[in-house]
Undergrad: 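Sharing a structure below in structure tokens format, with a few things to ask.
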Amino acid sequence: MLPGAGADRGAADYAIVGAPLDASTSFRPGARFGPDRIRKFGQQFDDYDHRTDQHFTDCSVYDHGDIGPTADVAEYLTYLQGTLSDFSSDRAVPLVVGGEHTVSVAGVRALAPDVFVCLDAHLDLRESYAGDEYSHATVTNHALSVADEAVVLGARTGSEAEWDRASEADVTVVPPEDVADWSPAFDERVYLSVDIDAADPGFAPGTGTPEPFGLDPREMHDVVRAVAPQAVGFDVVEVNDRDDGQAATLAAKLLRAFVFAHADQR
């Protein structure tokens, strides 16, 4: 259980769901260990948040535990989608901890946002990768089958076809050097996804496909806090066990930042 997540399910305003899917990681596997590591490295933080004058233990966060993956990824996403839909119907905001980025597909399908906002080093606009339509490299493409638009912050790599797709009107790409000056300019329902590889690997080396010249933690923190009040769901994904806890520590802190900023507007 994530420390401070002690609310009963029926009274929860936020529901953490671990999604340790690790089926399509294309470079360094280990995302299956992400949920446990985020919980472990989240033990150190103070309960009190000075910015919002709140205690995490007062934010009615429930930890549902992990939903273990099945051999059939499509089947797994359908099951995960159902769980997240149930929490949303009960007025609890789902907080998914991954696991590879593919788990975001279930979150978007469950919550049907107008806008998909993602912190990510990669565009993830492929229709398939290595013959897999549910590869972690296809997430933004899947999200656009539900959401009207996608905003990808921190993207710095992609195939030629992905950059062509990103030039269309329903996609906005904010390069790393411009993220500090970005602010949300929409008031629709938003799903916020944080792929930890948006961070420069010097800050978060424990991820599957590290990409240099990325964001610093403060920039990611500012984005999460800015978008959280409009978000109907959140995830942080692609944390693995290939570092000393830097990626998991950052992920756990961003999750808490989301809760504090969202709860401050309730």
Undergrad: Could you report the tightest heavy-atom contact between Asp243 and Gly245, atom names first, then the distance?
TA: OD1-N, 2.9 Å
Undergrad: Would a hydrophobic clustering, with Ile, Leu, Val, Met, Phe, Trp and Tyr connected at side-chain separations under 4.5 Å, put Leu21 with Val17?
TA: yes
Undergrad: Looking at CG of Leu153 and OG1 of Thr172, how far apart are the two atoms once the value is rounded to the nearest 0.5 Å?
TA: 9.0 Å
Undergrad: Checking side-chain contact (heavy atoms from CB on, under 4.5 Å) for the pair Phe186/Val190: CA distance, chi angles, key distance, verdict?
TA: CA-CA 9 Å; Phe186 39 74; Val190 174; 3.4 Å; yes
Undergrad: Say you draw a straight line from OG1 of Thr207 to CG of Leu250; how long is it, rounded to the nearest 0.5 Å?
TA: 10.5 Å
Undergrad: Would you indicate whether Asp164, at its atom CG, is surrounded by more than 12 heavy atoms from other residues, nucleotides or ligands within a distance under 6.0 Å?
TA: yes
Undergrad: Would you say the side chain of Phe234 lies within less than 4.5 Å of the side chain of Val194, judging by non-hydrogen atoms?
TA: yes
Undergrad: Going by heavy atoms in the side chains, are Asp53 and Asp49 under 4.5 Å from each other?
TA: no
Undergrad: Does a donor on one side chain sit under 3.5 Å from an acceptor on the other, for His122 and Asp195?
TA: no
Undergrad: Has Ser159 got a side-chain atom pairing as donor or acceptor with Glu162's backbone, closer than 3.5 angstrom?
TA: yes
Undergrad: Could you pull out the closest heavy-atom pair between Leu144 and Val171, with the gap in Å?
TA: CD1-CG2, 3.7 Å
Undergrad: Give the minimum heavy-atom separation between Ala7 and Tyr62, together with the two atoms involved.
TA: O-CD1, 3.3 Å
Undergrad: Is there a side-chain contact between Val223 and Leu215 in this structure, where contact means two heavy atoms from C-beta onward sitting under 4.5 Å apart?
TA: no
Undergrad: Can you find a pair of side-chain heavy atoms, one from Leu123 and one from Thr140, that are under 4.5 Å apart?
TA: no
Undergrad: Within 45 degrees of the axis of the six-membered ring of Phe56 and under 6.0 Å from its centre: does Arg256 put its NZ or CZ there?
TA: yes
Undergrad: If you measure from CZ on Arg126 to OG1 on Thr138, what distance do you get to the nearest 0.5 Å?
TA: 10.0 Å
Undergrad: Could you give me the CA-CA distance, side-chain angles and deciding distance for Glu100 and Ser24, then say whether side chain to side chain donor-acceptor pair (under 3.5 Å) is met?
TA: CA-CA 8 Å; Glu100 66 175 66; Ser24 74; 2.7 Å; yes
Undergrad: Going by the angle between their ring planes, with limits at 30° and 60°, are Phe258 and His262 parallel, tilted or perpendicular?
TA: parallel
Undergrad: Take Glu75 and Thr78 through the test side chain to side chain donor-acceptor pair (under 3.5 Å) and record every step on the way to the result.
TA: CA-CA 5 Å; Glu75 177 184 83; Thr78 298; over 6 Å; no
Undergrad: If you apply the rule side-chain contact (heavy atoms from CB on, under 4.5 Å), what do you find for Phe203 with Met220, and how did you get there?
TA: CA-CA 11 Å; Phe203 296 110; Met220 298 175 72; over 6 Å; no
Undergrad: Would you call Arg156 and Glu211 a salt bridge, taking side-chain N to carboxylate O under 4.0 Å as the test?
TA: no
Undergrad: Tell me whether Glu188 at atom CD has more than 12 heavy atoms from other residues, nucleotides or ligands lying less than 6.0 Å away.
TA: yes
Undergrad: Would you say Thr209 and Arg28 make side-chain contact, with heavy atoms under 4.5 Å?
TA: no
Undergrad: On a heavy-atom basis, which atom in Pro35 and which in Asp66 lie closest, and how many Å separate them?
TA: CB-OD1, 3.7 Å
Undergrad: When hydrophobic residues are tied together by side-chain contacts of less than 4.5 Å, even through go-betweens, does Leu254 share a cluster with Val232?
TA: no
Undergrad: Taking a hydrophobic cluster as the set of Ile, Leu, Val, Met, Phe, Trp and Tyr residues connected by side-chain heavy atoms closer than 4.5 Å, whether directly or through intermediates, do Val103 and Ile38 fall within one such cluster?
TA: no
Undergrad: Determine yes or no for a side-chain-to-main-chain donor-acceptor pair under 3.5 angstrom, with Tyr191 supplying the side chain and Ala143 the backbone.
TA: no
Undergrad: Between Gly233 and Leu111, what is the shortest heavy-atom contact and its length?
TA: CA-CD1, 3.6 Å
Undergrad: Check whether any side-chain heavy atom of Val146 lies under 4.5 Å from a side-chain heavy atom of Arg109, and answer yes or no.
TA: yes
Undergrad: Is there a donor-acceptor pair closer than 3.5 Å between any side-chain N or O of Asp216 and the backbone N or O of Glu219?
TA: yes
Undergrad: Is a side-chain donor or acceptor of Arg225 paired with a backbone partner of Phe260 at a separation under 3.5 angstrom?
TA: no
Undergrad: Taking only distance into account, with no hydrogens and no angle test, what donor-acceptor pairs under 3.5 Å do side-chain atoms of residues 80-93 form with protein atoms, sequence neighbours excluded?
TA:
{"residue": "Thr83", "atom": "OG1", "partner": "Tyr79", "partner atom": "O", "Å": "3.4"}
{"residue": "Ser85", "atom": "OG", "partner": "Gln81", "partner atom": "O", "Å": "3.0"}
{"residue": "Ser89", "atom": "OG", "partner": "Ser85", "partner atom": "O", "Å": "3.0"}

Undergrad: Run the side chain to side chain donor-acceptor pair (under 3.5 Å) test against Asp22 and tell me which residues pass, sequence neighbours left out.
TA: Thr25, Arg32
Undergrad: Is any NZ, NE, NH1 or NH2 atom of the basic residue among Arg39 and Asp63 found under 4.0 Å from an Asp or Glu carboxylate oxygen of the other?
TA: yes
Undergrad: Taking the side chain as every heavy atom from C-beta outward, state whether Pro113 and Val108 have any atom pair closer than 4.5 Å.
TA: yes
Undergrad: Please round to the nearest 0.5 Å and tell me the distance separating atom OH of Tyr14 and atom SG of Cys59.
TA: 6.5 Å
Undergrad: Should Leu77 and Val97 be counted in the same cluster of Ile, Leu, Val, Met, Phe, Trp and Tyr side chains packed under 4.5 Å apart?
TA: no
Undergrad: Closest approach of Pro210 and Phe27, non-hydrogen atoms and distance?
TA: CD-CD2, 4.3 Å
Undergrad: Begin from the C-alpha positions of Val115 and Asp148 and carry the test side-chain contact (heavy atoms from CB on, under 4.5 Å) through to its verdict.
TA: CA-CA 6 Å; Val115 185; Asp148 295 328; over 6 Å; no
Undergrad: Do Gln246 side-chain atoms and Asp244 backbone N/O form a donor-acceptor pair below 3.5 Å?
TA: yes
Undergrad: As an exercise, state the distance from CZ of Phe45 to NZ of Lys253, rounded to the nearest 0.5 Å.
TA: 5.0 Å
Undergrad: Looking at CG of Asp235 and NE2 of His101, how far apart are the two atoms once the value is rounded to the nearest 0.5 Å?
TA: 5.5 Å
Undergrad: Are Val174 and Phe116 co-members of a hydrophobic cluster defined by side-chain heavy atoms under 4.5 Å apart?
TA: no
Undergrad: Answer whether the closest heavy-atom distance between the side chains of Trp182 and Pro184 falls below 4.5 Å.
TA: yes
Undergrad: Between the side chain of Asn240 and the main-chain N/O of Gly30, is any donor-acceptor distance below 3.5 Å?
TA: no
Undergrad: Would you check if there is a donor-acceptor pair between the side chains of His136 and Asp124 at a distance under 3.5 Å?
TA: no
Undergrad: Can you name the residues that form a side chain to side chain contact (heavy atoms under 4.5 Å, CB included) with Glu168, not counting sequence neighbours?
TA: Arg165, Asp170
Undergrad: Check the orientation of Tyr48 and His55. Use parallel for under 30°, tilted for 30 to 60°, and perpendicular for over 60°.
TA: tilted
